[in-house]
Amino acid sequence: MGRSDHATQMLSGWAVGTPGPMRTGPLVPAHRPVAAPGPDELLLEVEACGVCRTDLHLAEGDLTPHRPSTIPGHEIVGRVSSVGEAVSVFRVGDRVGGAWLRGTCGSCRYCRAGRENLCPGSTYTGWDRDGGFADLVLVPEAFAYPLPETQDAALLAPLLCAGIIGYRSLRRSALPTGGRLGIYGFGASAHLAAQVALSEGATVHVMTRSAQARELAVSLGASSVGGAYDSPPEPLDSAILFAPVGDLVPVALEALDRSGTLAIAGIHLSDIPVLNYQRHLFQERNLRSVTSNTRQDGREFLELAERIGIQVTVSRYPLNRADQALTDLAADRVNGAAVLTAD
């Protein structure tokens, strides 16, 4: 199937029905027609799709759905099945990645300044348009990434959000060369960001409630591991909060050295307790949020991941077990990143 001979196809996957806790079954089977690619779109046959905590937030209602019955998933590895008439870079058969950021206006002051992640008109895969918890998905060419042809699709998928947003979070944490980094929560994104930091000479301390995650952190080279609320063995130059737990914000701030920076990586966070100025913010400690990513972040991270040989730890689920993957993620039973694979 090529540029102009697209026939109506039916996709199979999972959509968010009524958002709620995973025990209520918010994911429902989806079988629907797939539109022909628009002029600038690619139709992908999905090989694998990572399961992000953002998908869980959408399913459980922490994020308000932007449209009814949306198919989640934005860490997509697929093969181009057909292309729109204006597509010029990718061809049928190419391996392509689709990520969270799906579109921007291109003309606002944020886009013009290279800060497209802050574009008020930005749109997102699996939130504004159907995502990769299905066997077919449409992705705009301008927001697609070329991927290596021979690597395991399941190992590539987490790079497309967990990896990219972890990379942006690391940069937002202002970690100095050879600095001391604290990581709070150690799931899909954290275990990739840690490897980037280690490759750049950082000392990494991991605080997480999961014993399995602490074992993974040690195996990747963390200098120390502890419980989520434990103090690291030395003051931190930078910290990243990956766990969506507001109670950990003062804990991480108090662990910072003078002028240290805490970056909060998630799209959703529970309420932050009242901060004490002297304990948590004085001595020029900094608190930053992280909002989505730019395409430049994606290009930089994917090049870096290939260059340093980043190790991706995954828990694989067939597409027909997407609900189980989200349930396990909610219960912290996933080691590394959960990935859905073609049945």
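Positions are given from 1 along the sequence.
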(message) Looking at every non-hydrogen atom in both residues, tell me the closest pair between L248 and A243 and how far apart they are.
(response) CD1-CB, 4.1 Å
(message) Just to verify, what does R32 make a side chain to side chain donor-acceptor pair (under 3.5 Å) with, not counting sequence neighbours?
(response) S69, D130
(request) Under the side chain to side chain donor-acceptor pair (under 3.5 Å) rule, collect the residues that match up with R79, sequence neighbours excluded. (result) E149
(request) Measure the shortest side-chain to side-chain distance between R214 and T208 over non-hydrogen atoms and say whether it is less than 4.5 angstrom. (result) yes
(message) Is there a path of hydrophobic side-chain contacts, each under 4.5 Å between heavy atoms, that joins Y145 and L101?
(response) no
(request) Would you give the length of the straight line joining atom CH2 of W127 to atom OG of S122, rounded to the nearest 0.5 angstrom? (result) 8.5 Å
(message) Tell me whether E141 contacts the main-chain N or O of F90 through its side chain, where contact means a donor paired with an acceptor under 3.5 Å.
(response) yes
(request) Taking the side chain as every heavy atom from C-beta outward, state whether L27 and P72 have any pair of such atoms under 4.5 Å apart. (result) yes
(request) Applying side-chain contact (heavy atoms from CB on, under 4.5 Å), run through N117 and R115 and close with a yes or a no. (result) CA-CA 5 Å; N117 60 307; R115 303 168 69 194; 4.1 Å; yes
(message) Walk me through whether H74 and C52 qualify under side-chain contact (heavy atoms from CB on, under 4.5 Å).
(response) CA-CA 8 Å; H74 54 271; C52 179; 3.5 Å; yes
(request) Please list all pairs passing the side chain to side chain donor-acceptor pair (under 3.5 Å) test where one or both residues lie in residues 294-313, with sequence neighbours left out. (result) E116-R295, Y167-E300, R168-D297, T294-D297, Q296-R299, Q296-E300, E303-R307
(request) Output the distance between atom CZ (R91) and atom OG (S82), rounded to the nearest 0.5 Å. (result) 15.5 Å
Extract all donor-acceptor atom pairs below 3.5 Å that involve side chains of residues 150-166 and protein atoms in other chains or at least two apart in sequence.
residue: D152; atom: OD1; partner: A154; partner atom: N; Å: 3.0
residue: D152; atom: OD2; partner: R316; partner atom: NH1; Å: 3.2
residue: D152; atom: OD2; partner: R316; partner atom: NH2; Å: 2.5

(message) On a heavy-atom basis, which atom in C49 and which in G132 lie closest, and how many Å separate them?
(response) CB-O, 3.4 Å
(message) Does I310 form a side-chain contact (heavy atoms from CB on, under 4.5 Å) with V312? I'd like the steps, not just the answer.
(response) CA-CA 6 Å; I310 206 162; V312 185; 4.2 Å; yes
(request) Keeping the roles fixed (side chain from R180, backbone from P235), state whether a donor-acceptor pair exists under 3.5 Å. (result) yes
(request) Could you tell me whether the side chain of S210 reaches within less than 4.5 Å of the side chain of R333, counting heavy atoms only? (result) no
(message) Please find the pair of heavy atoms, one from L138 and one from R102, that lie closest to each other, and give the distance.
(response) O-NH2, 3.3 Å
(message) Just so I know, are the side chains of P318 and L340 near enough to count as touching, which here means a heavy-atom distance under 4.5 Å?
(response) no
(message) Can you confirm whether more than 12 heavy atoms, excluding those of R109, are under 6.0 Å from its CZ atom?
(response) no
(request) Any chance you could measure Q195, atom CD, to I308, atom CD1, to the nearest 0.5 Å? (result) 6.5 Å
(request) Give a yes or no on whether L319 and L329 share a hydrophobic cluster (residues Ile, Leu, Val, Met, Phe, Trp, Tyr; joining criterion: side-chain heavy atoms under 4.5 Å apart). (result) yes
(request) To the nearest 0.5 angstrom, please state how far the CD atom of Q283 sits from the CG atom of D257. (result) 8.0 Å
(message) Applying a strict under-4.5 Å side-chain criterion to I, L, V, M, F, W and Y, I'd like to know whether V245 and L241 cluster together.
(response) yes
(message) Count I, L, V, M, F, W, Y as connected when their side-chain heavy atoms are under 4.5 Å apart, and connections chain through other members. Are L11 and V51 then in the same cluster?
(response) yes
(request) List the atom of T125, the atom of G131, and the distance in Å for their closest heavy-atom pair. (result) CG2-CA, 3.8 Å
(message) With clusters defined by side-chain heavy atoms of hydrophobic residues (ILVMFWY) lying less than 4.5 Å apart, directly or transitively, does F301 cluster with V77?
(response) yes
(request) Report the distance from atom CD1 of I240 to atom CZ of R172, rounding to the nearest 0.5 Å. (result) 11.5 Å
(request) Measure the shortest side-chain to side-chain distance between D55 and F133 over non-hydrogen atoms and say whether it is less than 4.5 angstrom. (result) yes
(message) What I want to find out is whether R285 reaches D237 closely enough, with some N-O distance under 4.0 Å, to be called a salt bridge.
(response) no
(request) Verify, without hydrogens or angle tests, whether E60 (side chain) and M22 (backbone) share a donor-acceptor contact under 3.5 angstrom. (result) yes
Got a list of side-chain donor-acceptor pairs under 3.5 Å for residues 218-230, not counting sequence neighbours?
residue: S219; atom: OG; partner: L216; partner atom: O; Å: 2.7
residue: S224; atom: OG; partner: H205; partner atom: ND1; Å: 2.6
residue: D230; atom: OD2; partner: G227; partner atom: N; Å: 2.6

(request) Sorted by first residue and then second, give each side chain to side chain donor-acceptor pair (under 3.5 Å) pair with at least one member in residues 261-271; sequence neighbours left out. (result) T261-N286
(message) Are the side chains of S238 and P176 in contact, using a 4.5 Å heavy-atom criterion?
(response) yes
(message) Checking side-chain contact (heavy atoms from CB on, under 4.5 Å) between H280 and each of L275, V249, L287, which is the one that passes?
(response) L275
(request) Kindly indicate whether the side chain of T104, heavy atoms from C-beta on, has any atom under 4.5 Å from the side chain of T123. (result) no
(request) Kindly determine whether V46 and I76 satisfy side-chain contact (heavy atoms from CB on, under 4.5 Å), including the steps that lead there. (result) CA-CA 7 Å; V46 178; I76 304 163; 4.2 Å; yes
(request) With the side chain counted from C-beta on, respond yes when E284 and R258 share a heavy-atom pair under 4.5 Å apart, and no when they do not. (result) no
(request) Taking all non-hydrogen atoms of both residues into account, name the closest pair between A217 and V206 and its distance. (result) CB-CG2, 3.8 Å
(request) Specify the closest pair of heavy atoms between A194 and I183, including all atoms of both residues, with the distance to one decimal. (result) CB-CD1, 3.7 Å
(request) Check step by step if salt bridge (charged side-chain N to carboxylate O under 4.0 Å, His left out) holds for D247 and R209. (result) CA-CA 13 Å; D247 284 348; R209 67 182 183 180; over 6 Å; no
(message) With rounding to the nearest 0.5 angstrom, report the CG to CG distance, L262 to L256.
(response) 6.0 Å
